[in-house]
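Heads up, the thing below is written out as structure tokens.
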Protein chains: 2
Amino acid sequence: MKITIKEVAQAANVSIATVSRVLNGKNKVKPSTREKILHAIESLNFQPDQNARTMINKTTKTVGMLVPELKNEYWMLLLDVIQKELWEQGYTLIIGSTDHQVEKETAFVKSFVEKRVDGIIYSSSVMESAEEMSGIIQLAKKYDIPMVTLNPSISQANCVFGDHIQGASDATEHLIGLGHRHIAYIGGRSVSTKRELGYRNAFMMNNLVVNEALIQRIPGLPTFEAGYEAAHQLLLSGEPFTAIFCGNDVLAFGTIKALEEHGKSVPGEIAVVGYDDVHSARLLKPALTTVRQPIQEIGRSLVELIMDSSSKNLNQTVPKKIIYRMQLIVRDSCGAGLKKEVKN
Amino acid sequence: MKITIKEVAQAANVSIATVSRVLNGKNKVKPSTREKILHAIESLNFQPDQNARTMINKTTKTVGMLVPELKNEYWMLLLDVIQKELWEQGYTLIIGSTDHQVEKETAFVKSFVEKRVDGIIYSSSVMESAEEMSGIIQLAKKYDIPMVTLNPSISQANCVFGDHIQGASDATEHLIGLGHRHIAYIGGRSVSTKRELGYRNAFMMNNLVVNEALIQRIPGLPTFEAGYEAAHQLLLSGEPFTAIFCGNDVLAFGTIKALEEHGKSVPGEIAVVGYDDVHSARLLKPALTTVRQPIQEIGRSLVELIMDSSSKNLNQTVPKKIIYRMQLIVRDSCGAGLKKEVKN
DNA sequence: CTGAAAGCGCTAACAG
DNA sequence: CTGTTAGCGCTTTCAG
């Protein structure tokens with residue numbers, strides 16, 4: 001039932017070598033035999049076996065991508081660009097989601113290696129550099145598989161990432177510019193610690209000191225509920241504040257809900273700024289002021305880096321680090337519009 | 001640099017056959033040699049080449065999934081379950097998004113076939129059955145690749161799908177039960193036509209007749225903007241109505257925005273019901289009444305069907321069709337809570 | 001231009 | 001229990 005190059009050769013009355021030649025467009029083949037073969041391929045609906053080819057070419061035209069989770073707008077958008085970009089270049093994408101279980105990472109990478117993917121795009125489930133990671137890097141290196149990561153903490157690998165210190169700093173600075181002095185922060189280890197750092201940076205740059213009591217570090221995943229809970233705590237603490245900067249948008253949504261339940265209007269009494277610019281950020285009321293990541297560009301860079309390092313196999317060189325600027329998107333939740341009105 | 005079974009055999013002082021045996025756990029191997037080999041594998045960090053194995057086993061432990069788009073909550077959620085479920089079974093997932101370009105479908109499926117995936121999960125970019133599709137089915141069949149689709153219109157393939165007639169009917173009926181008689185519908189060919197049919201079904205069941213002037217069929221993709229525009233048209237038409245049933249949630253969000261801009265309160269003056277129950281449906285104000293698809297179950301069924309048909313290769317039998325009930329989620333936008341209050 | 005033949009890395013008889 | 005050997009489907013010298 002399954003058609004192989006042999007059947008094609010038979011049908012076209014040539015040797016398999018010649019069929020292979022027209023398949024690969026190498027070595028001139030007489031136009032007439034070429035036609036015959038093409039016709040046989042067509043009528044038999046022959047699809048060459050990539051696996052057999054791989055054994056010789058040593059290339060699978062496949063790259064593997066490992067992410068901590070899938071059902072999240074950020075990853076989905078990234079996945080989308082990457083898959084498209086890869087397809088353009090004739091590559092296909094294998095995906096793996098660890099669902100935040102770090103233990104799964106090695107298993108996934110091993111399966112990528114076994115499949116002999118041409119490259120791996122790796123984003124760890126843990127934020128700080130761990131042994132886990134370096135083991136993974138070693139494995140990939142051993143099998144000469146180019147790897148590019150989204151974790152800047154991995155020093156030995158090529159990397160693409162957003163400048164979250166700058167992004168968070170810009171967001172906080174915007175709040176400061178609006179006159180706020182008591183600005184809370186809701187984040188935690190699961191949202192890049194860089195964001196908290198950026199928040200602190202903005203205070204430093206303005207010779208302000210952060211009130212540690214206004215920092216809420218959530219223990220688990222940065223969900224709507226976590227944001228709700230953190231804002232609730234903030235309110236209960238009695239510590240005064242007029243603004244909250246949240247490590248991500250979903251956290252901000254939860255925060256806003258808590259605030260409203262406590263009768264605090266947003267942005268009237270409390271200004272809120274998020275991070276990521278998820279789609280619904282512009283839909284909710286008030287529309288969320290947030291920080292946008294250039295996901296398209298990040299995705300494209302990722303693919304570009306992988307392609308580069310798989311062509312020249314000189315991944316011996318110094319790892320390339322590409323960093324992207326974040327963009328502050330001012331909408332309603334920070335009260336920027338409101339203040340202006342007051343001023344006028 | 002690359003380690004093969006040969007190097008392992010050498011290191012352990014055995015033949016490659018024996019290494020293969022411990023790799024596959026078949027045929028008893030003397031514990032001591034077994035240990036030696038295991039040790040060699042470990043220390044050399046040997047990862048067997050799947051491609052080579054595939055040539056013999058005729059199985060890639062990979063399934064390909066083709067979807068019309070990725071950046072959309074529905075697909076993301078589905079992708080998530082499927083990838084997880086597959087991983088549990090020791091399979092990996094290749095994904096392809098056509099981005100609604102039907103022309104790309106064949107190319108994707110061909111690449112799946114070339115990779116000799118063990119199964120294909122296929123959701124077409126076009127709603128109605130087309131020649132395109134049957135070509136794809138044929139191709140998969142020719143190479144004995146089990147295929148399961150999400151398009152009920154493809155008669156020759158196994159299929160899993162939601163009962164959108166029932167879902168849409170339930171939603172509409174709920175509105176009717178609330179006392180509404182002039183219910184508009186916003187949908188179009190890009191959102192399953194089944195939903196419009198369900199809407200009509202509810203009218204029929206209640207001996208009501210639909211006012212065709214209240215049906216808005218959007219031409220392109222069912223986006224926020226499209227919903228906004230359609231609702232706008234409805235308002236301009238002057239045709240009276242007290243409720244709108246939207247073919248999906250995003251459409252509903254756009255609809256609500258248009259309504260509010262026209263000073264119509266939701267659900268006070270106009271009730272709105274969506275479809276899909278995307279995450280932000282519960283976040284927006286008013287919280288959207290909508291219809292939920294059992295995505296988890298759908299995903300699981302899909303994987304199950306693929307696995308089944310790849311083990312028994314009797315895909316000669318009658319295609320299996322699995323249909324899932326949709327669930328109405330009543331929240332605020334339909335005014336169900338409101339009416340009750342009035343009544344009491 | 002085209003065919004014969006040698007593998008790619010691995011598994012599966014078939015003998016020892 | 002273990003080694004030898006013949007392929008899997010394809011590409012690539014190496015000779016015609």
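Any value given below was found using the heavy atoms of this structure, including those in side chains, with hydrogens, waters and symmetry copies removed. We name chains A, B, ... by the order of the sequence lines, and we start the count at 1 in each one.
Taking only side-chain atoms of B:Ile56, from C-beta outward, the nucleotide of C:dC8, D:dC8, C:dG3 with the closest atom is D:dC8. Nearest to the side-chain atoms of B:Ile5 among the listed nucleotides C:dG3, D:dG9, C:dC10 stands C:dC10. Among C:dC1, C:dA12, D:dC1, the nucleotide with an atom closest to any side-chain atom of B:Lys30 is D:dC1. Among the nucleotides D:dG9, C:dG3, C:dA12, the one closest to the side chain of B:Asn57 is C:dA12. Considering only side-chain atoms of A:Asn24, the nucleotide from C:dG3, D:dG9, D:dT11 that sits closest is D:dT11. Considering only the side chain of A:Ala52, D:dC10 comes nearest among C:dC10, D:dC10, D:dC1. Each of D:dG3, D:dC10, C:dG3 was ranked by its minimum atom distance to the side chain of A:Ala17; first place goes to C:dG3.
When the shell of 6.0 Å around NZ of B:Lys321 is examined, it contains more than 12 heavy atoms from other residues, nucleotides or ligands. Taking a 6.0 Å sphere around CD of A:Glu114, one finds it holds more than 12 heavy atoms contributed by other residues, nucleotides or ligands. Under a cut-off of 6.0 angstrom, the local environment of NE2 in B:His100 is crowded, with over 12 non-hydrogen atoms contributed by other residues, nucleotides or ligands.
In terms of phosphate contacts, B:Ser20 brings no side-chain nitrogen or oxygen within less than 4.0 Å of OP1 or OP2 of C:dC10. Of the side-chain N and O atoms in B:Lys26, one or more sit less than 4.0 angstrom from OP1 or OP2 of C:dA12. Residue A:Thr4 has no polar side-chain atom (N or O) positioned under 4.0 Å from OP1 or OP2 of D:dC8. B:Thr33 has a side-chain polar atom (N or O) that falls below the 4.0 Å cut-off from OP1 or OP2 of D:dT2. Within the structure, a side-chain polar atom (N or O) of A:Arg53 is placed less than 4.0 Å from OP1 or OP2 of D:dT11. Distances shown here put every side-chain N or O of A:Ser15 at or beyond 4.0 Å from the OP1 or OP2 atom of C:dT2. Applying the 4.0 Å criterion to OP1 and OP2 of D:dT11, one finds that A:Lys58 has every side-chain N and O outside that range.
In terms of position along DNA chain D, the nucleotide closest to B:Met55 lies nearer the 5' end than the nucleotide closest to the other residue of the pair B:Met55 and A:Thr18.
Atom CG in A:Leu44 sits about 15 Å away from atom C1' in D:dG9, given to the nearest Å. Distance NZ (A:Lys6) to P (C:dG3): 15 Å, rounded to an integer number of Å. Across the protein-nucleic acid pair, B:Gln50 atom CD and C:dT11 atom C1' stand 13 Å apart, rounded to whole Å. If you take CG of A:Leu23 and P of C:dT2, they are 15 Å apart, rounded to a whole angstrom. In this structure, CD of A:Glu35 is placed 16 Å from C1' of C:dC1, rounded to the nearest angstrom. Atom-to-atom, CZ of B:Arg116 to P of D:dC8 comes out at 14 Å; the value is rounded to the nearest Å. The interatomic distance linking A:Lys115 (NZ) with C:dC10 (P) rounds to 15 Å, in whole Å. Taking atom CD1 of residue A:Ile37 and atom P of nucleotide C:dG3, one finds them 8 Å apart after rounding to whole Å.
The two atoms that bring B:Lys104 and B:Thr98 nearest to each other are CD-O, 3.8 Å, heavy atoms only.
Residue contacts for A:Asn51: at a heavy-atom cut-off of 4.0 Å it reaches no nucleic acid atom on any strand shown. Contact annotation for B:Val19: no contact, since no heavy-atom pair falls under 4.0 Å across all strands.
With respect to the salt-bridge test (charged N to carboxylate O, under 4.0 angstrom), the residues A:Asp80 and A:Lys84 qualify.
Looking at A:Arg21, its side chain comes within 3.5 Å of the base of C:dG3 through a donor and an acceptor atom.
Under the side-chain hydrogen bond (donor to acceptor under 3.5 Å, both in side chains) test applied with A:Thr4, the options A:Lys6, A:Glu7, A:Lys2 reduce to a single match, A:Glu7.
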